[in-house]
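Okay, so here's the structure we're looking at.
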Amino acid sequence: MYQTQRQTTRPQITAHLAQTMTLLTKAVEELNEEIEKELAANPALELNEELHCPMCNRIIPRNGFCTYCTKPKSMSADETVVFISLRNDFISRSDNYDEDMQDEQMAVMVEELPAIILRQIASELKIEDRPIAAYLLNQLNEDGLLLINFEELTTYFHVPMERIKKVQNLIQHADPLGVGSSTPQEALLIQVEVLSEQRNIPSAVKEIILNGFSLLIHENYREITKKLKISQDAVKSAVEFIRENLNPFPTRANWGNERQPDSFGKNVYLQPDVFISHLNNDEKNPLMVEIIMPVRGTLQLNPVFKEGMKQAEGNVREEMKEDLEKASLFIKCLQQRNNTMQRLLERMVNSQKKYILHGEKYLKSITRAELAKELGVHESTISRAVANKSVKLPNGEIVPLAKFFERNLNIRAMIHEIINKESKPLSDTQIMEMLKKQGINIARRTVAKYRSMDGVLPAHMRKNK
DNA sequence: CTATGGCACGGATT
DNA sequence: AATCCGTGCCATAG
């Protein structure tokens with residue numbers, strides 16, 4: 001149920017395109033930069049352009065998978081086997097640009113976006129308005145926004161402003177919802193408007209976008225509560241909703257080529273760092289976990305440098321030795337980090353399999369601290385590994401990895417279920433009692449809180465079914 | 001009197 | 001140290 005809801009918020013075309021793009025996540029990029037920096041600073045470090053699979057150490061083709069590790073050895077029919085495969089398909093930005101796929105894909109986006117939109121709105125577009133639509137679509141900037149002067153257009157086309165606005169409005173309702181808006185704010189409002197037809201939206205969302213937009217951008221939530229006289233909870237759920245479902249730059253986050261963070265300071269959700277899917281997309285097959293790795297070669301100690309050190313003398317020799325040690329430490333750190341990520345996911349996927357396959361209701365609550373203990377690493381290691389990463393689930397939903405650690409999601413999902421199932425509206429107290437029967441003890445106040453977090457109206461305002 | 005939302009406290013988590 | 005979370009208490013609306 002939730003899946004279908006989510007999917008409608010992410011139009012299919014964008015999902016499709018996003019899949020075909022080379023994905024370069026922020027987390028990965030940071031790591032790549034880190035590597036570049038170290039590489040430049042330390043002569044003892046060398047980059048071997050051949051790609052080795054970090055698991056089995058076989059050489060694998062650029063942009064390729066390690067087929068050995070990608071294929072499960074024995075496929076049991078019903079039991080879901082989990083294994084990890086790593087993918088090294090990252091190209092450094094400084095690489096020769098014209099040969100990269102990336103350029104091609106950019107071109108695809110730039111050329112086709114207007115066409116895609118035009119096709120969508122064609123049936124509703126009056127023939128005489130076509131030139132206007134075409135012009136507007138060609139002026140879209142890379143964020144999918146329309147930063148042009150409308151007054152000039154009226155003289156240019158010799159038509160009233162109203163007509164141009166009408167065309168714009170058509171465009172705004174096309175697939176990357178909100179494209180062609182003049183401001184991010186406008187784009188958000190369109191998205192809210194459309195989404196509210198399909199599902200409940202926390203009540204404060206619109207208000208915040210309308211009247212607290214600049215505060216929202218600066219993450220100044222306390223001011224929002226004050227200025228708009230909205231409760232903390234309401235603001236919180238609204239912001240949560242906005243982050244997860246709305247997108248101020250209609251084309252940007254969807255096929256994240258942009259490096260800057262979005263206006264909320266985080267661009268986490270739409271570019272997965274980890275893919276979880278069934279092998280060959282067949283539900284009978286085991287789950288496969290792909291971790292996107294920041295590798296475009298294998299880091300190693302530079303053998304020439306090593307040789308050189310042997311012959312050097314005195315201070316020079318000491319310095320070189322230091323470099324060498326640093327380099328070796330760096331490599332170890334990276335390996336460690338990769339290793340942690342791998343074990344972390346292995347553990348997560350195994351214990352949260354039900355959630356991954358059957359939805360939020362089955363999410364088990366695990367804290368990072370527990371997991372850290374289990375894996376024998378420090379808590380902060382887990383925290384860092386989880387932060388700013390997102391996962392693509394088999395059903396296509398992209399969620400932050402942190403969601404795996406949300407303690408109350410399952411209960412919230414159960415509340416949804418109860419509310420959707422019962423014919424007459426249940427009060428919070430009644431819901432609480434129903435939960436108690438299912439072995440969940442929470443306070444009435446808490447039920448109320450979860451309810452409002454998800455934008456569900458109180459009992460007396462819900463309608464009988 | 002019942003249902004719900006606001007505020008703020010204390011303990012857990014990061 | 002900072003933030004998050006569940007809850008209790010109280011105010012308000014109906």
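If you're wondering where the values come from, they're calculated on a predicted model, not measured in any experiment. In what follows, chains are A, B, ... by sequence order, proteins preceding strands, each numbered from 1.
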Could you measure the distance from the [atom1] atom of [X] to the [atom2] atom of [Y]? Nearest 0.5 Å is fine.
X: A:Lys206; Y: A:Ser196; atom1: NZ; atom2: OG; result: 7.0 Å
X: A:Arg347; Y: A:Leu375; atom1: CZ; atom2: CG; result: 7.5 Å
X: A:Leu345; Y: A:Ile276; atom1: CG; atom2: CD1; result: 6.5 Å
X: A:Ser237; Y: A:Tyr450; atom1: OG; atom2: OH; result: 13.5 Å

Any donor-acceptor pair under 3.5 Å from A:Gln191 side chain to A:Leu177 backbone: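 Here the side-chain-to-backbone pair exists.
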
A:Ile190 vs A:His173, side chain to side chain contact (heavy atoms under 4.5 Å, CB included): CA-CA, chis, key distance, verdict: CA-CA 7 Å; A:Ile190 298 276; A:His173 286 82; 3.9 Å; yes

All salt bridge (Lys or Arg N to Asp or Glu O under 4.0 Å) counterparts of A:Arg407, not counting sequence neighbours: none

Under 4.0 Å protein heavy-atom contact, by nucleotide of nucleotides 9-14 of chain B - B base, S sugar-phosphate only: ----SB

Can you name the atoms? Protein N/O to nucleotides 2-6 of chain B N/O, anything below 3.5 Å, with the distance.
from: B:dT4; atom 1: OP1; to: A:Ala459; atom 2: N; distance (Å): 2.9
from: B:dT4; atom 1: OP2; to: A:Asp428; atom 2: N; distance (Å): 2.8
from: B:dG5; atom 1: OP2; to: A:Arg451; atom 2: NH2; distance (Å): 2.7
from: B:dG5; atom 1: N7; to: A:Arg444; atom 2: NH2; distance (Å): 3.2
from: B:dG5; atom 1: O6; to: A:Arg444; atom 2: NH2; distance (Å): 3.4
from: B:dG6; atom 1: OP2; to: A:Ser231; atom 2: OG; distance (Å): 3.1
from: B:dG6; atom 1: N7; to: A:Arg445; atom 2: NH2; distance (Å): 2.7
from: B:dG6; atom 1: O6; to: A:Arg445; atom 2: NE; distance (Å): 2.5

Residue pairs fulfilling side chain to side chain donor-acceptor pair (under 3.5 Å) with at least one residue in residues 319-330 of chain A, sequence neighbours excluded: none

Pairs where residues 433-456 of chain A contributes a residue and the test salt bridge (Lys or Arg N to Asp or Glu O under 4.0 Å) is met, not counting sequence neighbours: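 Listed by first then second residue: A:Asp233-A:Lys449, A:Arg412-A:Asp454, A:Asp428-A:Arg451.
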
Sugar-phosphate, base or nothing in reach of A:Ile382, heavy atoms under 4.0 Å: nothing

Segment of DNA chain C, first to last nucleotide, that comes within the 4.0 Å heavy-atom reach of chain A: C:dC5 to C:dC9

